[in-house]
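Notes for the one structure printed next.
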Amino acid sequence: MPKGKWTPPDAGDAPQEVKDILKEVYSSVRDKQADEGGDIEDPKKKESAAKQAWAAVANAGYHQDKDGKWVKKKKEMEEEIVIDAFKAGKYPQGIFTTKELAEITSTYNPENYEAPILIGHLSDPSYQGKSTVPAYGWIGKVKMVGEHLKFVASQFSEELKDFIKKGFYKKVSAAFFQPDDPNNPTPGKWHLHHLAFLGGTPPAVKGLEQIAFTELTRGLGVEFAEVETAVE
């Protein structure tokens with residue numbers, strides 16, 4: 001059967017992935033219409049195909065913001081991963097009270113700077129000389145609970161999750177931008193830089209809580225057990 005002269009909807013300056021989705025879905029609907037017979041050039045059929053194609057784009061997480069810029073919403077995780085990563089205290093880098101913790105909580109905005117989750121710190125010899133390092137996840141939110149900072153992951157590697165459950169990485173260490181760091185996204189204030197998972201590295205902070213995995217679909221609360229974790 002003839003496929004007709006169908007042209008995918010115009011996506012303008014949309015990312016290539018958006019254009020590919022439009023083309024794939026639009027072509028699929030066109031081919032189905034051709035196999036079923038009838039008027040292949042029916043405008044209503046083309047309009048229906050276009051709606052299905054744009055719906056697929058939306059399902060993939062793409063949309064345009066108020067300025068017309070294309071953005072992609074991250075897929076919601078089935079589990080909420082909360083990491084107890086830092087607490088008030090005296091460190092070689094300075095004294096951190098609840099005031100500094102509240103500052104770190106308020107400054108963090110993943111749309112401005114999204115902190116990666118790494119295995120080891122960027123200062124580790126294995127990272128030296130590399131322009132890119134693998135991110136095993138990303139921090140979506142920083143929460144202050146009492147004298148503790150807890151990080152909520154927006155993305156988390158299944159591989160790292162498996163390592164943690166097997167006990168390979170029991171310690172974490174948070175790294176922060178200093179207030180006077182020229183690369184600090186919020187100059188003059190402390191800001192989260194990254195979170196490192198550590199293997200055999202001795203912890204700098206003791207008494208933090210174990211990482212908790214809570215299935216959101218079950219509406220369960222976060223449960224913790226006391227273990228050692230670290231911060232830098």
Side-chain angles (χ1 to χ4, degrees), residues 1-83 105-118 131-143 150-162 185-186 191-192 194-195 212-222:
M1 295 292 293
K3 298 295 180 65
K5 297 179 180 179
W6 286 39
T7 303
D10 183 14
D13 61 349
Q16 187 59 46
E17 184 178 356
V18 170
K19 295 178 180 179
D20 290 343
I21 293 173
L22 289 172
K23 181 179 179 181
E24 180 180 354
V25 175
Y26 198 72
S27 299
S28 176
V29 175
R30 175 203 62 193
D31 294 348
K32 182 178 180 182
Q33 294 290 344
D35 293 338
E36 292 177 353
D39 183 6
I40 192 63
E41 294 296 335
D42 186 345
K44 291 184 178 180
K45 292 182 178 180
K46 293 184 178 182
E47 181 181 356
S48 176
K51 289 181 178 180
Q52 293 180 56
W54 282 117
V57 169
N59 288 336
Y62 281 102
H63 70 280
Q64 288 179 287
D65 61 18
K66 60 181 180 180
D67 298 322
K69 181 180 179 181
W70 283 94
V71 294
K72 184 178 183 181
K73 181 180 178 181
K74 291 178 179 176
K75 184 179 179 181
E76 297 291 338
M77 296 190 301
E78 294 181 357
E79 296 175 313
E80 183 179 63
I81 301 176
V82 181
I83 308 160
T105 302
S106 65
T107 58
Y108 190 70
N109 180 357
E111 293 185 1
N112 187 28
Y113 173 87
E114 190 171 31
I117 297 173
L118 310 174
S131 58
T132 60
V133 297
Y136 289 83
W138 301 90
I139 303 300
K141 183 189 301 182
V142 176
K143 300 194 298 185
K150 298 188 178 184
F151 303 155
V152 181
S154 59
Q155 286 184 294
F156 204 89
S157 164
E158 290 295 324
E159 181 180 18
L160 180 55
K161 186 192 300 184
D162 186 54
T186 54
H191 192 285
L192 177 64
H194 68 269
L195 176 68
F213 299 89
T214 304
E215 293 185 8
L216 295 179
T217 52
R218 296 183 182 178
L220 301 180
V222 179

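Starting from 1, each residue takes its place in the sequence as its number.
Proximity of a side-chain donor or acceptor of K19 to a complementary backbone N or O of G12 within less than 3.5 Å is detected.
The two atoms that bring G140 and P110 nearest to each other are O-CG, 3.5 Å, heavy atoms only. Scanning both residues, S154 and E114, for their nearest heavy atoms gives OG-OE2, 3.5 Å. T105 and V142 get closest at one heavy-atom pair: CG2-O, 3.3 Å. Looking at every heavy atom in both residues, W54 comes nearest to V18 through CZ3-CG1, 4.5 Å.
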Q: Apply the test side chain to side chain contact (heavy atoms under 4.5 Å, CB included) to residues D13 and W70: give CA-CA distance (whole Å), side-chain angles for both, the deciding distance (0.1 Å), then the verdict.
A: CA-CA 8 Å; D13 61 349; W70 283 94; 3.8 Å; yes
Q: Check step by step if side chain to side chain contact (heavy atoms under 4.5 Å, CB included) holds for E159 and K161.
A: CA-CA 5 Å; E159 181 180 18; K161 186 192 300 184; over 6 Å; no
Q) Are T107 and Y113 close enough, and set up right, to give a side chain to side chain contact (heavy atoms under 4.5 Å, CB included), and what steps lead you there? A) CA-CA 10 Å; T107 58; Y113 173 87; over 6 Å; no
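For N112, there are no side-chain hydrogen bond (donor to acceptor under 3.5 Å, both in side chains) partners at least two apart in sequence or on another chain. Remark: Y108 engages H191 in a ring-ring contact (aromatic ring centres under 6.0 Å, His included) (not counting sequence neighbours). Judged as a side-chain hydrogen bond (donor to acceptor under 3.5 Å, both in side chains), and not counting sequence neighbours, the contacts of Q16 are D20.
Within 6.0 Å of CD in Q64 there are more than 12 heavy atoms belonging to other residues, nucleotides or ligands.
To the nearest 0.5 angstrom, I117 atom CD1 is 4.0 Å from I139 atom CD1.
Between F151 and K141 there is no side-chain heavy-atom pair separated by less than 4.5 Å.
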